[in-house]
J.: 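Just dropping this structure here.
Order of the sequence lines fixes the chain letters, A, B, ..., with proteins taken first and strands second; residue numbering starts at 1 for each chain. If you're wondering where the values come from, they're calculated on a predicted model, not measured in any experiment.
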Amino acid sequence: MLDSVSHNTFVPNPMICESLMSWSELFGTPEDSYMPVDHQTGDSSWTSIHPQYWSRNHVCEWLQFCCDQYKLDANCISFSHFNIDGQQLCNMSHEEFLNAAGICGEYLFFILQNIKAHGQYLFFPDDDKPYLRTEGLKSQEFQSHSRTSLQSSHLWEFVRDLLLSPEENCGILEWEDREQGIFRVVKSDALAKMWGQRKKNDRMTYEKLSRALRYYYKTGILERVDRRLVYKFGKNAHGWQDGKL
DNA sequence: CTACGGTTTCCTGCTT
DNA sequence: CAAGCAGGAAACCGTA
C-alpha cells in the first residue's frame, strides 16, 4: 500500500491532517504495510538508523509501526504534527508529544526515548539474547517469532522493560537491589495509569494491577518481598539481568 | 464454537 | 484513617 503512495506527497494538505484521519484511512490496513526497506526510494529502514537521522518517511514508517505493533489508537494521533524529520522528532518535548498524539503521546514518547537510547532491538524467546534488527528481515518473519522490548503483552515484561529504561520511566519504578532483581514501585498510581494506557483501560488502578502481580508468585515470575511496594523477579522471569536492552 | 492463559474486577479480612 | 497486601471467585478477552 505504501508503494502506491508517493512518500514525497505524504499528507501535503494541512486540512487533511487536522481532520485526524486514521492511518488506515490514509494508507490502508496494517497488513499491507511496513517492510523494512523502502522499495521505492531504496532508503534504509528506520530501524537501522538513529532517530536523529530519520527522514520524514522514516518518521511515518515508525509511527505506522508503533500503531500496528503497540496497538495504539491512530485516531488520537494528529499526523500533521508528525510530518517532520527525525531531527525535529527528537527535539519534540514530552509535552509536544502529548499535544500531537493525545493519550498515545505518552507511549510514543516512551518508545522513542527507548529507541534513541538503545536502538531498535528484538528479543528471541529461545535464547533471550538481544538482537539488533538489521535490514532484510521480512515482516512476516518479524511478526512470527520476535517481539520488540516494548511490545510485550504481559504485565511483568512491561514492568521489566520500564525498569530497564531508567531514562524513560520517570521514576515510576526503581531498583532496590539490581543484582537480586528486587525493585520498588515508587509511583503506584502512575504505574497503574501507564499500564492502563497500554491495555487501553482507563479504569486500571494499582489495587488491581497488584492483584495481577500477586498471581506471578504462583508461577515463579515474581517472589514475595515483605515490604510495601517491593517485588522481586523470580527464577522464571528472564531478561531483567541484562544491563541495557 | 471451545479451551485456556492472563489478566481484570470485586471482595473480605489483615497489616503497615 | 489511607494505602497496601493476600488470595478466592468469577468475569473478560484475545488467541489457538
J.: OP1 or OP2 of B:dT8 versus the side-chain N and O atoms of A:Lys208: is any pair under 4.0 Å?
T.: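 So the side-chain polar atoms of A:Lys208 never come under 4.0 Å of the phosphate oxygens OP1 or OP2 of B:dT8.
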J.: Taking the side chain as every heavy atom from C-beta outward, state whether A:Trp156 and A:Tyr231 have any pair of such atoms under 4.5 Å apart.
T.: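 Sidechains of A:Tyr231 and A:Trp156: no contact.
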J.: Taking for each residue the nucleotide of DNA chain B bearing the nearest heavy atom, is the 5' side occupied by A:Arg203 or by A:Thr219?
T.: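 Nearest-nucleotide comparison on DNA chain B picks A:Thr219.
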J.: Given atom CG of A:Asp202 and atom C1' of B:dT8, what is their separation to the nearest angstrom?
T.: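 Going from CG in A:Asp202 over to C1' in B:dT8 covers 13 Å.
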J.: Round to a whole Å and report the spacing from CG of A:Asn201 to P of B:dT7.
T.: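 After rounding, the gap between these two atoms is 13 Å.
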J.: In the structure I gave you, are the side-chain heavy atoms of A:Lys208 and A:Trp195 within less than 4.5 Å of one another anywhere?
T.: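 With C-beta onward as the side chain, the pair stays apart.
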J.: Just N and O in the side chain of A:Trp156: are any of them under 4.0 Å from OP1 or OP2 of B:dG6?
T.: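 Checking A:Trp156 against B:dG6: no side-chain N or O falls below 4.0 Å of OP1 or OP2.
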J.: Using whole Å, report how far CG of A:Asp189 lies from P of C:dA2.
T.: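 Distance check: A:Asp189 CG to C:dA2 P gives 15 Å.
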J.: Taking CZ from A:Arg228 and P from B:dC14, how many angstroms apart are they, rounded to a whole number?
T.: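 Going from CZ in A:Arg228 over to P in B:dC14 covers 16 Å.
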J.: Within the structure, does a side-chain N or O atom of A:Arg227 lie under 4.0 Å from either OP1 or OP2 of C:dA3?
T.: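 False: A:Arg227 side-chain N/O out of range (4.0 Å or more) of C:dA3 OP1/OP2.
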J.: Look at the side-chain N and O atoms of A:Arg211 and state whether any lies under 4.0 Å from the OP1 or OP2 oxygen of C:dG8.
T.: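 The answer is no; no side-chain N or O of A:Arg211 sits under 4.0 Å from OP1 or OP2.
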J.: Which label fits A:Phe233 and A:Phe183: parallel for a plane angle under 30°, tilted from 30 to 60°, or perpendicular past 60°?
T.: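 Rings of A:Phe233 and A:Phe183: tilted, 30 to 60°.
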J.: Quick one: A:Arg224 CZ to C:dG4 C1', roughly how many Å, whole number?
T.: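 About 13 Å, once rounded to whole Å.
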J.: Please confirm whether the shortest side-chain N or O distance from A:Lys199 to OP1 or OP2 of B:dT8 is below 4.0 Å.
T.: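 Looking at the OP1 and OP2 atoms of B:dT8, one of them is under 4.0 Å from a side-chain N or O of A:Lys199.
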J.: For A:Leu229 and C:dA3, give me the distance from atom CG to atom P, rounded to whole Å.
T.: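 Checked: the CG to P distance equals 12 Å.
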J.: Are A:Tyr217 and C:dC5 close enough that a side-chain N or O sits under 4.0 Å from OP1 or OP2?
T.: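 Negative; the distance criterion is not met.
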J.: Remember a base hit wins even if backbone is also touched, and classify A:Leu209 as base, sugar-phosphate or nothing at under 4.0 Å, heavy atoms.
T.: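 It contacts nothing in the nucleic acid.
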J.: Within the structure shown, what part of the strands sits under 4.0 Å from A:Thr205 by heavy-atom distance: base, sugar-phosphate, or nothing?
T.: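 It contacts nothing in the nucleic acid.
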J.: Hey, is the side chain of A:Tyr216 poking within less than 4.0 Å of OP1 or OP2 on B:dT7, counting only N and O atoms?
T.: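 Yes, because at least one side-chain N or O of A:Tyr216 sits under 4.0 Å from OP1 or OP2 of B:dT7.
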J.: So A:Tyr215, base contact, sugar-phosphate only, or nothing? Heavy-atom distance under 4.0 Å.
T.: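 Touches a base.
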J.: For the pair made of NZ in A:Lys200 and C1' in C:dC12, what is the distance, rounded to whole Å?
T.: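 That distance rounds to 17 Å.
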J.: Whole angstroms only, please: what is the CZ-C1' distance between A:Arg214 and B:dC14?
T.: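 These atoms are roughly 12 Å apart.
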J.: Mind telling me whether A:Phe109 and A:His94 have parallel, tilted or perpendicular rings, with 30° and 60° as the class edges?
T.: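 A:His94 vs A:Phe109 ring planes: perpendicular.
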J.: Using side-chain heavy atoms (C-beta onward) and a distance below 4.5 Å, is A:Ile77 in contact with A:Leu108?
T.: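 A side-chain contact under 4.5 Å exists here.
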